[in-house]
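In this chain, residues are counted from 1 in sequence order.
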Amino acid sequence: MEISEVLSQENIQLDLKGNGKEDVIRTLATLLYKNGSISDLEGYIKDVWQRENEISTAVGNGIAIPHAKSKYVKKTAIAFGRSLNGIQYGDEKCQLFFLIAAGENASNEHLKALSKISGFLMDDMFRAHLILAQTNAEVIDLVNEKEAEEKVDSSTIAPKADSDKDFIVGVTACTAGIAHTYMSAKALEDAGEKLGVQVKIETEGSSGTENELTTDEINQASGIVIAADRTIDLSRFSGKHVLQTSTKAGINDAENLIKTASTAPIYQGSSTDAAATTTAKQSTSAKSIGFGIYKHLMNGVSFMLPFVVAGGILIAVSFMFGTGSADPKSADYNTLAAFLNMVGSKAAFGLMVPIFAGYVAYSIADRPGLAPGAIGGMIAYLGGSGFLGGVVAGFVAGYIILGLKKIFTKLPQSLQGLNPVLLYPVFGTLFTTLIIQYMINGPVGGFNKDLTAWLSHMGGTNAVLVGFILGGLLVSDMGGPLNKITYAFGIQMLTTGVTAPMAAIMCGGMIPPIALGLATTIFRNKFTPQERETGKVAYVLGACFITEGVIPFAGADPLRVIPGNIIGAGVGGALSMAFGITLSAPHGGIFVIPIAINKPLLYVGCILAGAVVECLIVGLTKKTIVAGEVKDTKADVVSIF
């Protein structure tokens, strides 16, 4: 596929205006939206910002390449903007902006076409011609000429490594795998050509691994450059000089990386070994402490959730045979129900905390952290500190392993091979479990018991207040840290037998999408045609307990929608707690209400009550849209009848 197939003249703006990154992204995204490449402008912009917040897409040389793979992309496309005076894009002032839009299921051919433009931008002459271009058609001609030139260059056979010269190999990989991956590879290859050093770079992008390194090439290499913003398996580079850094450093400091790769430390440990890089300050590990903690927690949550959902649903199914179906002394006892209950409550929930803790530690210290983290999590689970203890176990294990890596680098080279198979797991597990057992289980376990007892006997105003807080917190950031913390609290209570908080949490999470769907139906003249269509989908997402269905509305009108979310979900959660409703499954929405809720009809009433409250808040505060414009009017209600 040619770049000209995804970059059209209609998506080029040579006099881009704006005061910052926000204006650039919105202007170029609007071009794609108007020309039919994306279906939901706000949804796509949100996905671009999610990628942007991971690491800035300003790549030096006056270039920024914001991009995202998004479900809102109807057809793969590129928008190009140019500002001769430059626009401040985060910390850098840029003149050339390429906004790349790829669908969630974009084909390899599309992704390869998108990646080409990243490589082209490393050519000084190509950038200069873009700056001087007078028309949109001229930009397309420049791209076509460059593409033809690259085809000629790629037709030549790459020379094999010359034993008399340095031979540097490497891997580049960014989080999205679209732009930085290929720009970094191109910069490193160009730096090698300039320095007279043979270079081969493997790219691990969205279209898969390309230019893959062979075992012979790795063996011949005098140095390895890993320019990556995500974890790369480095086991095949054991015993080689390995220099780890970020894709941005690969782009901006390529010559220095090629020069120093052959003198980098010998790699023996894991892919996060700090000793394997001389440019740690440039790597993504230098992000803020707060973001690092959040990233590690989310890694644990993502691996834990399948265990939680599977266990919770199976427990709920067991109750279909009767509330006492798992109790041999009950008249409702059923062997199949008892088995399902055991699988859910003991097997799935029993593994939940160890899996969570193990993968928190894995996120911090890579593979060596997994076993100490998981075993520490099991000690926390068995010792009564539960999920909170598992959180501590994951971080303790991860940072203990990082400490052990530094200590064991002083061992003789002949003993380095014992690190991953013996020393890390044994000492990491020993120190982690001692800390959890003798410092954490006692106080945290006591706190859990007190909290469980308080929640078990809670009623009246306290129950209403807790329900409102849980429902409101869950939807306050729509999938962000507060959402995850609240959900984790519900799971913690569920594992101790306190099931009312989870009912309030799921009730709160279902309300916002349903409420916005209702608002688009009742207050039709307050929403655009696109929003009304999105509202139909929001009904379904809300019913399935997928709170993210409200994101397009919140992105378009946060000052009205987000407070409405919090109040509506809070009302539903408060009513759920006030009526003593319980939920034995941690997920499922309408699919588990008949089997996992003790008062299903009343629970549906709580959801509808919260949805109506939010619907009225949003509908009465929004402004009426007339002929595509927002018109200031007093709040008006469109009759349901």
Side-chain angles (χ1 to χ4, degrees), residues 1-14 16 24-52 57 63-82 96-121 130 135-144 146-148 150-151 174-183 203 205-208 210 528-534 536-537 541 548-549 551-552 555-556 628:
M1 169 172 277
E2 307 298 327
I3 293 178
S4 56
E5 295 180 50
V6 292
L7 175 64
S8 64
Q9 293 189 44
E10 293 77 15
N11 290 332
I12 296 174
Q13 186 164 331
L14 296 180
L16 189 64
V24 169
I25 292 174
R26 180 165 292 278
T27 301
L28 295 180
T30 301
L31 280 179
L32 297 178
Y33 178 67
K34 288 180 177 178
N35 294 316
S37 296
I38 58 178
S39 60
D40 186 323
L41 177 61
E42 299 302 330
Y44 174 70
I45 289 176
K46 180 180 182 300
D47 289 341
V48 172
W49 273 107
Q50 183 175 348
R51 169 65 184 88
E52 193 70 31
T57 54
I63 306 165
I65 311 181
H67 55 272
K69 292 180 70 176
S70 171
K71 64 182 179 182
Y72 303 112
V73 175
K74 294 164 63 178
K75 60 179 182 180
T76 304
I78 298 174
F80 169 58
R82 183 189 69 185
L96 304 177
F97 305 89
F98 286 85
L99 177 65
I100 297 177
E104 285 186 317
N105 300 311
S107 69
N108 283 352
E109 289 304 310
H110 282 94
L111 294 170
K112 287 178 181 178
L114 295 176
S115 68
K116 285 181 186 177
I117 197 68
S118 306
F120 292 177
L121 290 169
L130 286 178
T135 65
N136 293 3
E138 189 175 343
V139 172
I140 298 296
D141 289 341
L142 287 170
V143 170
N144 289 337
K146 184 64 176 175
E147 208 159 28
E150 291 291 317
K151 284 182 180 179
C174 62
T175 54
I178 294 176
H180 289 63
T181 298
Y182 301 96
M183 294 184 73
T203 56
S206 291
S207 56
E210 298 175 78
T528 65
Q530 177 63 45
E531 287 174 330
R532 292 199 291 270
E533 288 300 311
T534 304
K536 297 174 183 178
V537 179
L541 295 177
E548 286 79 2
I551 287 175

Looking at side-chain heavy atoms only, is the closest gap between L28 and L32 below 4.5 Å? no
Closest non-hydrogen atom pair, V6 against T76: CG1-O, 3.6 Å
Nearest 0.5 Å please: distance from the CG atom of L14 over to the CZ atom of R82. 4.5 Å
Sub-4.5 Å side-chain heavy-atom contact between S37 and N11: yes
Closest non-hydrogen atom pair between Q9 and A137, with its separation: OE1-N, 3.6 Å
L130 CG to L142 CG distance, which is reported to the nearest 0.5 Å: 6.0 Å
Going by the rule salt bridge (Lys or Arg N to Asp or Glu O under 4.0 Å), which residues pair with K34 if we only count those two or more places apart in sequence or in a different chain? none
Which atom pair, heavy atoms only, marks the closest approach of I78 to L7? O-CD1, 3.4 Å
Looking at E10, is its backbone amide N or carbonyl O close enough to the side chain of N35 to form a donor-acceptor pair, meaning the two atoms are under 3.5 Å apart? yes
Would you say Y44 and L99 make side-chain contact, with heavy atoms under 4.5 Å? yes
Separation between CD1 of I38 and CG of D40, rounded to the nearest 0.5 Å: 8.0 Å
Donor-acceptor contact below 3.5 Å, side chain S39 vs main chain Y72: yes
Can you measure from NZ (K46) to CG (L41) and round to the nearest 0.5 angstrom? 14.0 Å
Expected output: side-chain N136 to main-chain I12 donor-acceptor under 3.5 Å: yes
From I45 atom CD1 to Q50 atom CD, the distance as rounded to the nearest 0.5 Å: 14.0 Å
For S8 and I140, which heavy atoms make the closest approach, and how far apart are they? C-CD1, 4.2 Å
Once you round to the nearest 0.5 Å, how far does OH of Y33 lie from CZ of R26? 11.5 Å
